[in-house]
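Beneath this line is the structure, given in structure tokens, with notes to follow.
If you read the sequence from its start, that first residue is 1, and numbering goes on from there. Fair warning: this is a prediction, and the values are worked out from it, not measured in the lab. Whatever order the structure lists ligands and atoms in, that order sets their numbers, starting from 1.
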Amino acid sequence: MALNFITKVLVANRGEIACRVMKTARRLGVSTVAVYSEADRNSLHVSMADHAFYIGKAPSAESYLNKSRIIDIAKSNGVQAIHPGYGFLSENAEFARMCNENGIIFIGPPASAILAMGSKSESKKIMIKAGVPVVPGYHEDSQEVEKLKQEADKIGYPVLIKAVMGGGGKGMKLVNNPNEFYEQLESAKREALKSFGDDRVIMEKYITSPRHIEFQVFADTHGNAVHLFERDCSVQRRHQKVIEEAPSMIDEEKRKDMGDKATQAALAVGYQGAGTVEFIFDEDTQKFYFMEMNTRLQVEHPVTEMITGLDLVEWQFKIASGLPLPKTQSEIKRRGHAVEARIYAENPANSFLPTSGKLLYLQTPKPSDQVRIDTGVVQGDDISVYYDPLIAKLIVWGENRDQALNIMHHSLNDYHVCGLPTNIEFLRTLCQHKNFRNYKFNTNFIPLHQKELLSFPSASNRDLAMASVCLLIKEQAIADETAEKLQRKSSPWYKLHDFRVNYEETRNVSLISDKEHKVAIKPTKSGFDVNVAKHQFNVKGKLIGNNTYELETEKGIETWRVLQNEEDLWVINSEGSVFVLKIKQEEMGEIKAQESSISHVIAPIPGKIIKIIGKEGEEAKENSVLIVIESMKMEHSIKVPRNATIKKVHKKEGDFVKAKEVIVSFE
Ligand code: ADP
Ligand code: ADP
Ligand code: MG
């Protein structure tokens, strides 16, 4: 066969997936072109590429979703193929068609397959025809409200309403009983219209103990299709995945049956390239049903790579170049167990709402054959409000599930992020949960065990004592350094330091965690005597690296990390737990007063303002919705704190806001 292998690819994405795709491209000798928005000028994916082009402002609508701009760059730079990654334009049939018309290979399925699978009603009709089981429900065209109500009654409650064009859990509403039907239908339609410009819905029987089991499929341009086994993605919050693993607990017979159905599904839509067929697996009846097909590379594809030893992006390149599938079904083997944890900038204790900010400190476990880290950020980067708050994916491999989870736990212990809240502590707790370890979980796992999973220890007296010692050691180190720089033994800094150590002056510091704690530190000949809430600690210590301290107590020698960022003190204790404390300073009182004031409404989370209800000079009624913010694919309403007159609206609809930015002020 004449080989016209792709030699230059444009990656129409950002972050970890753009880096991931370029890694394989480089290995295959394919040159890479990156595109970037204003917010990403200094990001990793730009520095990894052979060439990078600016495509617009930070909001994705003005950059990563600008189809014609991206095609123009591809055309004027001799690019043969575009890899869309996931999200953004990856499931955009119009973009696939535009690539085609401009003589550029879209690394993905044909536009027709994207269209067929993008609709939850259309795809279900195709699956029924192809003999693939679908969840019992209503997938017809009529959207007449009374008709929908009758059909819901027929299905039997609980019923799940889904947007026909839905994705990412949006427009999905659960109806527990007939009384809730109209309200939930309206809410689903509203969310669907806003997100997908289409308010049509389908309805499904709600499976009460479901597992999410999906099959990785591949099809080539020669009519062959195979599957690369399954992934269990049942551990979800807000209908979005957090942990994915392979294999799942299904037996060989079931695996074969589901795998066959998955390849049938791909063939039924004339599929090409990488895709995922998602099934919902009913624990009670052991039956499985087609849920949807994602026509792209999936976030969790590394799990499959770890158990098969295959590079899925390499397969995508080969198929897009017209080559046949690299392996037949019987040649595809799996080994061991792989688990992926998604590390997000989010606050589990606050309904998993996304956070943004600077990665002040970032330390990852050491990558190895068994530990893989896919990321698009480095220390010092910002997690911005514009895009997905994913920091990294941590993927581990073990000979069996237990070993994999042990490695995951150790790796999470070595994963430290300071500067913004993350879900790392939550993931550590989750990986150790008895039911999760014993394979006793379904998609309700996180909500069901919320209490155990979300009870994080607050800083102990010992944590406070050790953190204060580190603060003092740092202060002395700075004093030493300054004195050395000045080359003057008479430096006041030097003297100060001298004075403290030799004259045993007691220092007091107030640290705020759940409440204010007073810590007293008295330097001794060899170390420090620390007093917190009448507890006494004797500590010796030294600075051994950037923000890293070696502390010695009666418990032996431990490594601690402490970083100060203005009034925030980030502490990583010797066990790997991260705490953020506030150092009490004079101005703090004022900041706090401002925050809790009822004279204005601040953004509780970073995100995009979807709606502001009310204008300057208008009355706002207590408890009515004032602002709607979209963050992480979800809408959040902010209510009026008291009856008031709007004095000033500081932002407009469509603006992006950081957490704590003032949006509306009252008289
Ligand atoms: P997957 O099904 O691949 O595991 P998710 O279920 O987490 O991924 O998300 C569904 C899709 O939505 C993915 O393609 C993901 O990249 C995309 N996505 C997630 N966040 C955003 C965002 N903020 N903007 C656009 N697309 C997003
Ligand atoms: P999206 O396109 O938004 O990803 P899906 O149809 O793939 O929507 O469903 C997302 C998640 O919602 C699934 O992983 C599962 O946890 C849950 N879910 C979907 N359908 C059902 C159902 N019929 N019964 C129970 N849970 C469901
Ligand atoms: Mg889905």
- Task: Run the numbers for me: atoms of ligand 2, each under 4.0 Å from some heavy atom of Glu278, listed by number.
- Result: 7 (O)
- Task: Give a yes or no on whether the ring-centroid distance for Phe288 and Phe279 is below 6.0 angstrom.
- Result: yes
- Item | With Arg437 via salt bridge (Lys or Arg N to Asp or Glu O under 4.0 Å) - residues at least two apart | Asp402
- Message: Less than 4.0 Å is my threshold; does some heavy atom of Lys241 fall inside it relative to ligand 2?
- Response: no
- Considering only N, O or S atoms of Glu292, the one closest to the Mg ion (ligand 3): OE2
- Note on the structure: Heavy-atom proximity to atom 3 (O) of ligand 2, picking from Gly169, Gly171, Gly137, points to Gly169
- Message: Looking only at the side chains, is there a donor atom on one of His301 and Arg20 sitting less than 3.5 Å from an acceptor on the other?
- Response: yes
- Listed partners of Tyr289 passing ring-ring contact (aromatic ring centres under 6.0 Å, His included), at least two apart: none
- Message: Can you see whether Asp153 engages Tyr157 through a side-chain donor-acceptor pair at a distance of less than 3.5 angstrom?
- Response: yes
- What part of Ile280, side chain, backbone, both or neither, has a heavy atom within less than 4.0 angstrom of ligand 2? side chain
- Note on the structure: ligand 2 atoms nearer than 4.0 angstrom to some heavy atom of Lys120 are 1 (P), 2 (O), 5 (P), 6 (O), 8 (O)
- Quick one: which ligand 2 atoms are inside 4.0 Å of a heavy atom on Lys205? 22 (C), 23 (N), 24 (N)
- Going by atom types only, do Asp220 and Gln272 share a side-chain donor-acceptor pair under 3.5 Å? no
- Task: Under 4.0 Å from a heavy atom of Leu160: give me the atoms of ligand 2 that qualify, with their elements.
- Result: 18 (N), 19 (C), 20 (N), 21 (C), 22 (C), 27 (C)
- When you measure from the Mg ion (ligand 3) to each N, O or S atom of Glu278, which atom gives the shortest distance? OE1
- Query: Any chance the side chains of Gln286 and Lys254 put a donor and an acceptor closer than 3.5 Å?
  - Reply: no
- Task: Any atoms of ligand 2 less than 4.0 Å from a non-hydrogen atom of Thr443? List them with their elements.
- Result: 16 (O)
- Query: Where the closest heavy atom to atom 16 (O) of ligand 2 is concerned, which of Glu292, Gln240, Met172, Gln236 has it?
  - Reply: Gln236
- Query: Is Glu278 reaching over with its side chain to a backbone N or O of Ile213, donor-acceptor style, under 3.5 angstrom?
  - Reply: no
